[in-house]
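Below is one structure, written out as structure tokens; comments come after it.
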Amino acid sequence: MKSRIKFLIIITGIIYLFFNYKNLIGPYPIKEVKLKGEFIYVDENKLRKDLNLFIGKDLMTINLIEIKKNVEQNDWIKNSLIMREFPDILAIELFEYKPLLLWNEKFYIDDKGEKFEVKSKIDITLPSIRSSKSSSKEIYDLYTDISDLLKEIGLSVQTISHAGDMLQVDTNRYKLLVRYSNYPEKFNEFISIYEQFSILAKKNIKVIDLRYSTGFAVH
């Protein structure tokens with residue numbers, strides 16, 4: 001009998017707390033919005049101005065999911081963490097996209113191979129790729145593969161154009177022409193003799209054509 005009474009008291013208490021917790025614990029008015037991030041591409045001042053509208057609101061009742069959704073409407077924000085820090089702080093941490101290259105003058109591809117698009121591009125200099133491939137991962141792999149190969153001989157990729165079996169790679173020194181179907185093999189061949197080539201080559205060489213089955217041509 002006593003255990004039954006105890007059980008009823010506990011249940012009654014839980015029900016009372018459920019319906020009256022706001023009155024019992026009181027409000028927690030927000031006094032500060034703590035904003036953390038790199039702010040390379042995101043306008044910190046504008047974002048802070050928007051988020052400061054939450055100052056004075058109850059920390060317990062704000063909708064964190066809705067805040068996250070609104071924050072991530074910024075094209076440059078890849079992800080965010082929204083947290084309550086009691087008793088009076090709304091804490092927000094932002095993670096921006098880190099653009100690695102520009103694809104078809106429309107999309108950016110980040111350092112993880114993810115595609116994203118922004119409404120208003122900003123003035124940044126990035127390597128660019130023109131290709132009809134549909135997968136951002138394929139584009140990312142193509143760029144990183146070529147870039148890693150050519151940096152062995154001090155060449156940095158500026159643009160890549162891919163059409164059918166044709167690849168044109170513009171670097172800081174030369175324009176390289178090669179077939180897409182065998183570019184790793186042909187680049188490795190060129191890298192293996194590059195030291196000799198750079199000693200003997202004329203300074204006015206602009207184009208290196210690697211599409212031949214043996215050797216290459218220069219212009």
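Numbers here simply count residues along the sequence, with the first being 1.
Between Lys112 and Asp110 there is no salt bridge, since no side-chain nitrogen of the basic residue lies less than 4.0 Å from a carboxylate oxygen of the acidic one. Between Glu114 and Lys137 there is no salt bridge, since no side-chain N of the basic residue sits under 4.0 Å from a carboxylate O of the acidic one.
Met166 is listed as a side-chain neighbour of Leu177, based on a closest heavy-atom distance under 4.5 Å. Using a 4.5 Å heavy-atom cutoff, the side chains of Val178 and Leu176 are not in contact. Annotation: side chain of Ile124 is in contact with side chain of Tyr41 (closest heavy-atom distance under 4.5 Å). In this structure, the side chains of Leu59 and Phe54 stay at 4.5 Å or more apart for every pair of heavy atoms. Annotation: side chain of His219 is not in contact with side chain of Lys206 (no heavy-atom distance under 4.5 Å).
Classified by interplanar angle (parallel below 30°, tilted 30° to 60°, perpendicular above 60°), the ring pair Phe107/Trp103 is tilted. Using cut-offs of 30° and 60° on the angle between ring planes, the pair Phe216 and Phe197 is perpendicular. The aromatic rings of Tyr108 and Phe116 sit parallel to each other, their planes meeting at less than 30°, with 60° as the upper class boundary.
Cluster partners of Ile89 are absent, since no Ile, Leu, Val, Met, Phe, Trp or Tyr has side-chain heavy atoms less than 4.5 Å from it.
In this structure, Leu47 CG and Ile92 CD1 are separated by 7.0 Å, a value rounded to the nearest 0.5 Å. Summarising the geometry, atom OG belonging to Ser135 is positioned 11.0 Å from atom CG belonging to Leu142; distances are rounded to the nearest 0.5 Å. Interatomic distance, CD1 of Ile153 versus OG1 of Thr171, reported as 8.0 Å (0.5 Å rounding). Interatomic distance, CG of Leu81 versus CG of Leu94, reported as 9.0 Å (0.5 Å rounding). With values rounded to the nearest 0.5 angstrom, Lys175 atom NZ is found 12.0 Å from Ile208 atom CD1.
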For this session: Step by step, work out the side-chain hydrogen bond (donor to acceptor under 3.5 Å, both in side chains) result for Tyr97 and Asp111.
Result: CA-CA 8 Å; Tyr97 282 104; Asp111 59 339; over 6 Å; no

For this session: Apply side chain to side chain contact (heavy atoms under 4.5 Å, CB included) to Val157 and Leu101, showing your working.
Result: CA-CA 10 Å; Val157 174; Leu101 57 114; over 6 Å; no

For this session: Assess whether side-chain hydrogen bond (donor to acceptor under 3.5 Å, both in side chains) is satisfied between Lys133 and Asn104, documenting all intermediate values.
Result: CA-CA 10 Å; Lys133 283 186 174 293; Asn104 290 339; over 6 Å; no

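Dense packing is recorded around CD of Glu117, with more than 12 heavy atoms of other residues, nucleotides or ligands lying under 6.0 Å away. Atom NZ of Lys78 is surrounded by more than 12 heavy atoms from other residues, nucleotides or ligands within 6.0 Å.
Ile160 and Leu102 are members of different hydrophobic clusters when ILVMFWY side chains are connected at heavy-atom separations under 4.5 Å.
In this structure Asp75 satisfies the side-chain contact (heavy atoms from CB on, under 4.5 Å) test together with Val118, Lys119, sequence neighbours excluded. Applying the side chain to side chain donor-acceptor pair (under 3.5 Å) criterion to Arg84, with sequence neighbours excluded, gives no partner residue.
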